[in-house]
Structure formats: structure tokens, C-alpha cells
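Data block below; observations after.
This structure is a prediction, so every number in the text was calculated from the model and none was measured.
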Amino acid sequence: DFGIYNKEGITQININTNNTDFGDFKDLAETQGWYKNNSFNADGFLKGNLSATLQDGLENLTVNFITTSGTLSGKNGTKLHDVSFKGIYKLDSKNDFLNLENITAKGKTGSLSGSLKITDFDHPLVEAQLAAQLSLDEWLVFIPSDTIENAKGDVLVDVTFKNRFGSFQKLSPADFKYARVKGNIEIVSSSFHFKNSQTPIKNLNGAFHFENNNLNIERLYIKAGESDLYLDGYFGNVVNVILFKDEKLQVKSKVKSQQIILEDFLTEDEDNDGDYTLNNLRGHSFNLDIEIDRFKFKKVTANNIQGGLSLNHGILKAEDMSFNMTGGSVKGDLTIDIATDDSYYITANATSNNLNIKELFYSFDNFNQEEVTGDNLEGKADVDISLTARMSPTLFVDASSVKSKANITLRDGALINYAPMLSLSRFADIDALKSIKFKQLQNNLSIENSTLTVPNMEIRSSVLNLWLKGTHTFDNNINYSL
């Protein structure tokens, strides 16, 4: 229905509609730059009334509208049905506002309710309230994500939001710096996959409390593959992470775990089948105090791990770390620069005691060389080591880049079938040379340019006593003096 009335230079306009497309409001929000989300479609119809008064321009405008049976459909096939709300938009010479009341919708097993008020569209003040219990995949209708797949479980939300924006045009993370967000979120028995990861995140349970752009963790338990995590701390920059695709999460937390298998948390490199990468961590920020009962990556296993783990500006640091491995103990620091695409850069310093040398070489794949392997060694080692190296984004160390200095003491050891020793058969029985036992060896070794340098060292063994010095390259060029 449409009507125009004019009296004494004042024009009144009235328009009534019963079938305005619900999706037109979504299109309007996108064209005005208020909100853009291509992950869902809006279907249904609105009933509305528009009245306006014109006198030397627009004096006032009032739009009332209501819908009772709308549908929001996500690209993942998820739907919210029975979407309804009642709204009013008013504009006069001094101000304008939009008020949506009694917003409701139903999901598969839950529902939502809320309200929204926007005052002064030139410098909008937004006030919103939301209470909902929906499945995790239903929340992804509103929160676009191209990294989360196969989402299941329930998420309960009860939050309020208030913020003054400079404009709705081209919203940026800076616009939410002073947003006031309060309320609670609870995650119940949820699970999902990260894209490019074969490991499901499962048994996800947590309770959180919003403090503006931070989300305080009251409790959070995560099971990923064979790994588990319990966190107590906070997530920062949460609102911007939800609303903007390229924003990164900030985490400060205590982390406890009975077991972490690192492969459960690494994404596979799309260009290298079966390889892993840390590239997905770039731009994120976290500071963690960790207590891990057992850790495993490839062949490396460690127990009773404690220390600090942080990532800031593309620099991954493990500081004041202590753990047990291969029958001994280790304390030290590790830094990995993952900011560049072509290579990571490693710096490490560590002090270790009573390490089983055979198991150590096995755990680290003989340190990417074949000249001296775990099969050639027995004994317990105390090591003070400093090391720098370059590593590929698929976590393979470039042996030619390794620079290291190590003070090594090897006790109750043996050299077994070690080729340089077998070459001394003219001085001792060949069978005895196959297993040379010694009480203690001590030396300061160095590695640079793919070459191990052995300073002058006395070897007192079960077969013979000798002095040894020289070099041994990673491609097995040996130059020893005996």
C-alpha cells in the first residue's frame, strides 16, 4: 500500500508492505559497509510500515518492521530457522536510531535471543545483547572461518556489547580497541578439524569470561589426537579475531599436560606431503608457563618438562626449560626465528647430565650424519653445548649451516665398530678394536662448515692408549692424527 498526503506545504508519505525480502536487509548492510559475511544467506519476508514527513526536505522518517519465519543458511549446510525480530528505524533533524527487539532463532537443538540498538549512524553507538545455546557449526554461520571443518558440540553464550564507532564504513580492528564486552561463554563436548591437519580437536570443554577484548579462561580442556592440554589464563584480541579474517590471537596462560605429541598440533605443508610446518603460527602471540609430563616429536621423547614458551613477532622461544630424556636431565634455552618464508633460524644453549649417548643419537637421527651413529656408541654423557643452525619450514635442519661448540664428557663408554679405530689393526687385535671400552673421555668439540673438529684428546681404553686429534666432515672425509 502506498499513500501521499499534502497539506499546507507539508507532505506525508505512508508505505505498507507484507512481502519485503528478508535478504534485502543483509544486502543493505553489506552495501553500506556495516557488515559483510558471505558465509550465509538470509531468506524470508518482512512486514513493514514506512511513514515520512517532508517540508523543505526530510523532516522525519519512521520505519516499523517485523519478521516471524526467516531462515539463515550457512555454506556448510547449517541452518537457523524461525528467525524473528521486531524493529524500528527513526530519523529526524537531530538524530537517527535503529532498534531491534525480541530477536530469536532456533537451531537443531538450541536457540538464541537478543537485541540490538544503533544510535547516530554518522558516529554510531552500538549496544547489543545475546543469549544463545547453539551447536558449534551453527555459530560458524555468523563467524566466517576457512580454517575450521567438521565442527560439532554445543556453545553457550551470554554476552553484552557496547561501542562507539567513528563510522560503519571500512571497519578496522582499531575501531574495537575500546569496545566494552561482558559476559560468559561455555563450550561443551565440542570437536573440529583445522584445515590441512588430520588430527581432530576433540573433547573440547571450557568456561570463559569476557573482559572487553580479552577472554579470560576459567577452565579449558583440549584433546587433540593423543595429546591433551589444560589451560588457565586468557586469550587476547578475541573480538577482532572473530570479526576480521587476518587478525591473530594473543594467549597468556599456564599449560598443563599429561602428554603432548607435537605432530598433533602441526599442520601439514600443502607443498610437501607428510612434512610439517610452523608457518601457521606466524603473527600469533603467546606466552605460556608449561608443565608437561611427557613430550614426543618424531623419535624425540622427553619427560617432566617445565619452563616458559613464547611466540612474539615471529620469534619462538623456550626459556628456562628443564626436562628429562634418554636417562638424563637437560636445562637450557631455544630460539627459533620463523618470520621468514625460506628458512627458520635456530639458536640453542643447553647443559645436560647423564644422557644415554646411544639413545640420544637414535632420538635425533644421528644428527643428520652417518659417520658416527648410535650403533657406534655406548656410555653416559655430560654436555654443555651452544648451537646455531638453519632449518627449513618443513623442520629439517640444514647440516651445512650448523655451528656448534660442545664440552663433552663421556663416562663408562665404548666405541663399537668405529671405522677409524678398526684401521689401527696393525697396533692391536682387530676383534678387540671392534669394542673399545674406556672409563672417561673429555673434550671440547666444534662443528662448522659441515666439519667436526676434534682437538687433541687422550683416550685411555681397554685396548690401547692414544692421543687423537683431527677433523671429520659430514660427507665422511676423515683427517685424524694418532
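Between the CD1 atom of Ile292 and the CD atom of Gln306 there is a distance of 10.0 Å, given to the nearest 0.5 Å. Remark: Ser435 OG to Glu378 CD distance equals 6.5 Å, nearest 0.5 Å. Taken to the nearest 0.5 Å, the CG atom of Asn324 stands 5.0 Å off from the CG atom of Asn304. Put simply, CG on Asn443 and CG on Leu468 are 8.5 Å apart, with the number rounded to the nearest 0.5 Å. Taking OH of Tyr345 as the reference point, atom CD1 of Ile338 lies at 13.5 Å (rounded to 0.5 Å). We find the CG-OG distance between Asn312 and Ser285 to be 4.0 Å, quoted to the nearest 0.5 Å.
Counted by atom type alone, Thr451 and Asn449 present zero donor-acceptor pairs between their side chains at under 3.5 Å. Side-chain polar atoms of Asn203 and Asn205 form no donor-acceptor pair below 3.5 angstrom.
Side-chain contact between Val83 and Thr71: absent, with no pair of heavy atoms (C-beta onward) separated by less than 4.5 Å. Residues Phe168 and Val126 have side chains in contact (heavy-atom distance under 4.5 Å, counting atoms from C-beta outward). The side-chain heavy atoms of His209 and Glu211, taken from C-beta on, include a pair separated by under 4.5 Å. The shortest side-chain heavy-atom distance between Arg411 and Asn354 falls under the 4.5 Å cut-off. Residues Phe192 and Asn150 are not in side-chain contact: their nearest non-hydrogen atoms beyond the backbone lie 4.5 Å or more apart. Proximity of Thr473 to Thr471: side-chain heavy atoms (C-beta onward) are nowhere separated by under 4.5 Å. Residues Asp382 and Ile408 fail the side-chain proximity criterion, which asks for heavy atoms closer than 4.5 Å. You'll find the side chain of Ile290 reaches within 4.5 Å of the side chain of Met321, heavy atoms only.
Looking only at distances, a side-chain donor or acceptor of Lys358 sits under 3.5 Å from a matching main-chain atom of Leu377. Gln258 places no side-chain N or O within donor-acceptor distance of the main-chain N or O of Asp228, the cut-off being under 3.5 Å. Without hydrogens or angle criteria, Ser253 side chain to Val255 main chain gives no donor-acceptor distance under 3.5 Å. Listed for the Asp337 side chain is no donor-acceptor partner under 3.5 Å among the backbone atoms of Tyr344. In terms of modelled atom types and a separation under 3.5 Å, the side chain of Asn212 and the main chain of Tyr178 share no donor-acceptor contact. Under a 3.5 Å cut-off, the side chain of Asp320 and the backbone N or O of Gly308 do not form any donor-acceptor pair. With hydrogens and angles ignored, the 3.5 Å screen pairs no side-chain donor or acceptor of Asp154 with any backbone N or O of Gln133.
Other residues, nucleotides and ligands contribute over 12 non-hydrogen atoms within 6.0 Å of the OH atom of Tyr221. For Lys106, the NZ atom is loosely surrounded, since the number of other residues' heavy atoms within 6.0 Å does not exceed 12. For Arg460, the CZ atom sits in a loose shell: 12 or fewer heavy atoms of surrounding residues, nucleotides or ligands are nearer than 6.0 Å. Heavy-atom contacts from other residues, nucleotides or ligands closer than 6.0 Å to CD of Glu319 number more than 12. Residue Lys469 qualifies as open at atom NZ: its count of foreign heavy atoms under 6.0 Å is 12 or below. The neighbour count for Lys317 NZ, taken as heavy atoms of other residues, nucleotides or ligands under 6.0 Å away, does not exceed 12. Crowding of Asp475 atom CG: a count of heavy atoms from other residues, nucleotides or ligands under 6.0 Å exceeding 12. Annotation: Lys256, atom NZ; neighbour count of heavy atoms from other residues, nucleotides and ligands within 6.0 Å does not exceed 12.
Between Phe176 and Phe161, the ring planes lie tilted relative to each other; the angle falls in the 30° to 60° range.
Considering every non-hydrogen atom in both Asn163 and Asp175, the closest pair reads ND2-O, 2.9 Å. Between Leu360 and Thr326, the shortest heavy-atom contact is N-CG2, 3.8 Å. Across every non-hydrogen atom of Gly107 and Glu138, the tightest pair is CA-OE2, 3.3 Å. Contact detail for Gly153 and Ser190: the closest heavy-atom pair is CA-OG, 3.5 Å. For the pair Thr373 and Asn366, the tightest heavy-atom approach, listed with the atom from each and the gap, is CA-OD1, 3.2 Å. Taking all atoms of both residues into account, the shortest heavy-atom contact from Ala128 to Leu116 is CB-CD1, 4.0 Å.
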The test is side-chain contact (heavy atoms from CB on, under 4.5 Å); show your working for Thr78 and Leu140 and say whether it passes.
CA-CA 9 Å; Thr78 303; Leu140 295 179; over 6 Å; no
Would you sort out whether Asn407 and Gln442 count as a side chain to side chain donor-acceptor pair (under 3.5 Å), showing the intermediate values?
CA-CA 8 Å; Asn407 184 316; Gln442 192 282 325; 3.1 Å; yes
Dump the intermediate steps for side-chain contact (heavy atoms from CB on, under 4.5 Å) on Asp158 and Gln129, then the final yes or no.
CA-CA 8 Å; Asp158 187 0; Gln129 178 272 331; 4.3 Å; yes
Can you check salt bridge (Lys or Arg N to Asp or Glu O under 4.0 Å) on Lys298 and Asp365, steps first, answer last?
CA-CA 10 Å; Lys298 296 183 177 179; Asp365 283 327; over 6 Å; no
Trace of the salt bridge (Lys or Arg N to Asp or Glu O under 4.0 Å) decision for Asp232 with Arg219:
CA-CA 6 Å; Asp232 178 11; Arg219 56 178 172 82; over 6 Å; no
Show your working on side-chain contact (heavy atoms from CB on, under 4.5 Å) between Leu134 and Leu80 and close with a plain yes or no.
CA-CA 9 Å; Leu134 297 173; Leu80 297 179; 4.0 Å; yes
Could you walk me through whether Asp412 and Lys439 pass the side-chain contact (heavy atoms from CB on, under 4.5 Å) check?
CA-CA 5 Å; Asp412 300 322; Lys439 190 67 176 175; 3.4 Å; yes
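Among the candidates Val157, Ile222, Leu204, Leu136, the single residue satisfying the side-chain contact (heavy atoms from CB on, under 4.5 Å) test with Ile187 is Leu204. Partner of Asp137 under the salt bridge (charged side-chain N to carboxylate O under 4.0 Å, His left out) criterion, out of Lys79, Lys108, Lys152: Lys108 alone.
Aromatic ring centroids of Tyr234 and Phe208 lie 6.0 Å or more apart.
The existence of a salt bridge linking Lys380 and Glu359 is excluded, since no basic side-chain nitrogen approaches an acidic carboxylate oxygen closer than 4.0 Å.
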